[in-house]
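I have placed the structure first, in the form of structure tokens, so that the comments after it can refer back to it.
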Amino acid sequence: MKDFKGEVAKKLFDLNIGLELEEIMLAVEIPTDSKMGDYAFPCFKLAKALRKAPPIIAAELAEKLVGDSLFLKVENVNAYVNFFIDKKVLLQEVLSETLSKKENFGKSDLGQGKKVLVEFSSPNIMKPFHIGHIRTTVIGNSVYKIMAALGYDTVRINHLGDYGTQFGKMIVAFRKWGSREVVEKSPIKEMNTLYVKFHEEVETDPSLDDEARAVFKALEDGSPEEFALWKWFRDESLKEFERVYEMLDIEFDSYAGESFYSDKMPAALETMISKGILKDSEGAKVVDLEEYNLGTALIQKKDGSTLYSTRDVAAAIYRKETYDFYKNLYIVGSQQNLHFAQWKKIVELMGYEWANDCVHIPFGMVALSEGTMSTRKGRVVYLEDVLNGAVEKTKEIILEKKVNTEAIDQSAKEIGIGAVIFQELSNNMIKDYVFDWNKVLNFEGETGPYVQYTHARACSVLRNADMALTADVDYSFLTGDSAYELTKLIYAYPAVVIEAGEKYEPSIITRHIVDVAQGFNRFYHDEHILVENEAEKKAKILLVYAAKTTIANGLALLGIHAPEKM
RNA sequence: GUUUCCGUAGCUCAGCAGGAUAGAGCGACCGCCUCCUAAGCGGUAGGUCGGAGGUUCGACUCCUCUCGGGAACACCA
């Protein structure tokens, strides 16, 4: 597809205005008001060198470019040169491209031959999946899809929280108060109950904590009884998580969690020692990072057992050796900013120059209106309940509207769960937010169902058109405002995917497909599509197809289905 | 206390590596289904972009300070 901005920049560059092509590229912008043109070039920066007032420069440049075949019109307004691309050229470029690329429209091969690891979801396997876990899970899945669309080789890693002192606690609690039957019946619920019980009991009996630490040490040292129990807890929990992942349609390539790295830590510790960064402190081993303003990182406890920082270091090394990654991404909450900063610095101090290819992608917290979520205090909203709630609500709406009721279960699932995912991926991920049922169950406006509805609407038009698609149409039928604006939004889509990939920010795509949906609905409202005139109809359904395809492709990158009917 | 993130309309948020009169959605009010799906479309009301300085031809955007809120800060993950 033609790079119109690039072409504009090149034309300006050829006029020898004293700026490098790159500088011009950065300066060329899209006017706030489309009545000002498709692209604009502000001339303020040229004033000094040319010793002329910016508006005069703009006028002169505009005059030189008038008549160029790429443009319908070039004019100056104050200090700006405004470019109006020949609408038919742009329409043809964009619409023929979408028709030939189809589901590949927006994909590229930027990342060809490069491997990107995406670590996400990574639940603690004894704790229920609550609404707080949805972020890493859904964002991670989308980041993975975006990277894959950009041509990178991807590996999805679920770094399960399946190790640590907590398992010592779990084993102690299970031996004291638990039973196999209850755990098997409802694993996570029971484990959580036992875990909570442990914390209650430890209030009156602090020795339980020491006991738990000792048990974890035994586990880490390879004691068979502890290992068997631990393995069993892990297997039972995983079964439950699989259920949620299936609802969300999410898969992983690796479930190598913390435990996987237990035997890889001694080597990492050795390297730290040989680099002289590991120090003794109060009986424990630490890396002093004060000079980098990162405090002190605890690497090994005084009883010799390890912490998750240690495991993360060992994991990074293992991943570099195994995958030789180009980027190693961690979709983990912003609460862990310090931990990741320390960890990265340690990897760097260990002499690994690839430390900079490890990127922590933080996101904000989810809270409830009553306060931060706390499983122990019963202040928690389970993810499964949210998903089921959204599906139920969708069913009610479908029954109320009496549309497409034959496939109600499938539709309700796609729309309800899509609504939850979409909501999650709507905002900049760094922002904290408060979970609100009303918001999740609102299906109007900038929501997943709105975008899906628009897609279904477009599909319906195409069905009713009953006409083969071709790019060989008379584009002059599509020069109306709403048709042209919609086309420009479609044109921007591939660049939006690239930007989302560079910034690891799925919401950029979410926002854009909302814009495309709005653009389509406006066009749908302003113009009658299935008109008598065959030539006009042929052109219009091509645009409908392009909009539909863009929306579907965008939704796919978010991990959301695009129903053909709803 | 230190570090860090956030602070834009009543509410939830966009705002492209500073640029032309700050944009959506929800909520409120008013319109639009004899016409391709009204989960839709249009209109009205609503903002000194937390505050103060600074850099710049130009600042919501960059810098400094400040106020408010969240988070992290050694034997948990």
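Numbers restart at 1 for each chain; the letters A, B, ... are given by sequence-line order, proteins then strands. The basis for the numbers below is simple: all heavy atoms, side chains too, and nothing from hydrogens, waters or symmetry mates. Computed from a predicted structure; not experimentally measured.
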Which whole-number value in Å describes the distance from A/Phe520 CZ to B/rC36 C1'? 9 Å
Between C1' on B/rC75 and CG on A/Leu298, what's the gap in Å once rounded to a whole number? 5 Å
Under a 3.5 Å limit on both distances, the Watson-Crick or wobble mate of B/rC26 is B/rG10
With both distances kept under 3.5 Å, what pairs with B/rU4, Watson-Crick or G-U wobble? B/rG70
Pairing check on B/rG31: which nucleotide meets the Watson-Crick or G-U wobble criteria with it, both distances under 3.5 Å? B/rC41
Should A/Asn428 be listed as having a side-chain N or O under 4.0 Å from OP1 or OP2 of B/rC6? no
Are A/Tyr330 and A/His159 close enough that their ring centers fall under 6.0 Å? no
Using atom P in both nucleotides, what's the gap between B/rA38 and B/rG42 to the nearest angstrom? 14 Å
When the P atoms of B/rA20 and B/rC65 are compared, how many Å lie between them, rounded to an integer? 29 Å
Which nucleotide sits closest to the side chain of A/Asn521: B/rA74, B/rC41, B/rA39? B/rC41
Is it the case that the base of B/rA77 and the side chain of A/Ser309 share a donor-acceptor contact (distance under 3.5 Å, atom types as modelled)? no
Below the 4.0 Å mark, does B/rG23 have OP1 or OP2 next to a side-chain nitrogen or oxygen of A/Arg511? no
Nucleotide B/rC57, atom C1' - distance to CD1 of A/Ile57 in whole Å: 12 Å
Classified by glycosidic angle (syn within 90° of 0, else anti), B/rC33 comes out syn
May I have the distance from A/Met365 (atom CE) to B/rC6 (atom C1'), rounded to whole angstrom? 13 Å
Can you tell me whether the side chain of A/Asn442 and the base of B/rA39 have a donor-acceptor pair closer than 3.5 Å? no
If you look at every strand shown and take non-hydrogen atoms under 4.0 Å, does A/Asn427 touch a base, only sugar-phosphate, or nothing? sugar-phosphate
Across every strand shown, the nucleotide meeting Watson-Crick or G-U wobble geometry with B/rC65 (both distances under 3.5 Å) is B/rG51
Which nucleotide, B/rA17, B/rC41, B/rA39, lies nearest any side-chain atom of A/Lys503? B/rA17
Select one nucleotide: of B/rA77, B/rU4, B/rC41, the one nearest the side-chain heavy atoms of A/Arg311. B/rA77
In terms of side-chain heavy atoms of A/Ile398, which of B/rC36, B/rC57, B/rA39 is nearest? B/rA39
Take the protein atom NZ of A/Lys344 and the nucleotide atom C1' of B/rU3, then report the distance between them rounded to whole Å. 17 Å
Do the side-chain N and O atoms of A/Gln423 and A/Tyr433 include a donor-acceptor pair separated by under 3.5 angstrom? no
Taking the basic N atoms (NZ, or NE/NH1/NH2) and the acidic carboxylate oxygens, is any pair closer than 4.0 Å for A/Asp409 and A/Lys395? yes
Can you tell me which nucleotide in B/rA74, B/rC36, B/rA17 comes closest to the side chain of A/Leu26? B/rA17
Candidates B/rC16, B/rC75, B/rA20 - which lies nearest the side chain of A/Pro31: B/rA20
Looking at every strand, decide which applies to A/Ile529 at a 4.0 Å heavy-atom threshold: base, sugar-phosphate, or nothing. base
Check this one for me: any side-chain N or O of A/Tyr524 less than 4.0 Å away from OP1 or OP2 of B/rG42? no
Under 4.0 Å: is that the gap between some side-chain N or O of A/Lys301 and OP1 or OP2 of B/rA74? no
Ring-plane angle category for A/Tyr195 and A/His199, please: parallel below 30°, perpendicular beyond 60°, tilted otherwise. perpendicular
Whole angstroms only, please: what is the CG-P distance between A/Asp481 and B/rG42? 13 Å
Can you see if the side chain of A/Lys431 gets near the phosphate of B/rU12 - specifically, an N or O under 4.0 Å from OP1 or OP2? no
Can you tell me which nucleotide in B/rA71, B/rC36, B/rC41 comes closest to the side chain of A/Gln335? B/rA71
Any side-chain N or O of A/Lys537 below 4.0 angstrom from OP1/OP2 of B/rC36? no
With a 6.0 Å cut-off on ring centres, are A/Phe83 and A/Phe4 close enough? no
Once you apply a heavy-atom cut-off of 4.0 Å, does A/Tyr308 come out as touching a base, just sugar-phosphate, or nothing? base
Within this structure, what is the CD-to-P distance between A/Glu290 and B/rU2, rounded to whole angstrom? 14 Å
Pi-cation contact, A/Tyr292 with A/Lys345 (under 6.0 Å, within 45°): yes
Under a 3.5 Å limit on both distances, the Watson-Crick or wobble mate of B/rC60 is none
Whole angstrom is fine here: how far is it from CD in A/Glu446 over to P in B/rG15? 12 Å
Ring centres under 6.0 angstrom apart (A/Phe167, A/Phe233): no
Looking at B/rA77, I'd like to know if its phosphate oxygens (OP1 or OP2) sit under 4.0 Å from a side-chain N or O belonging to A/Thr165. yes
Among B/rC16, B/rG25, B/rA72, the nucleotide that comes nearest once only the side chain of A/Leu338 is considered: B/rA72
Check for me whether A/Arg311 meets the cation-pi criterion with A/Tyr163, that is, NZ or CZ under 6.0 Å from the six-membered ring centre and within 45 degrees of the ring axis. no
In plain terms, say whether A/Asp303 and A/Lys217 are close enough for a salt bridge, that is, a side-chain N and a carboxylate O under 4.0 Å apart. no
With a 4.0 Å cutoff (strictly under), does any side-chain N or O of A/Arg457 reach OP1 or OP2 of B/rC36? no
Check the phosphate of B/rC5 against A/Ser334, side-chain N and O only, distance under 4.0 Å to OP1 or OP2. Yes or no? no
Nearest to the side chain of A/Ile430 - B/rC6, B/rA14, B/rA20? B/rC6
Determine, answering yes or no, if A/His528 is stacked on B/rC36 under the 5.5 Å centre rule and the 30° plane rule. yes
B/rU2 OP1/OP2 closer than 4.0 Å to side-chain N/O of A/Asn293: no
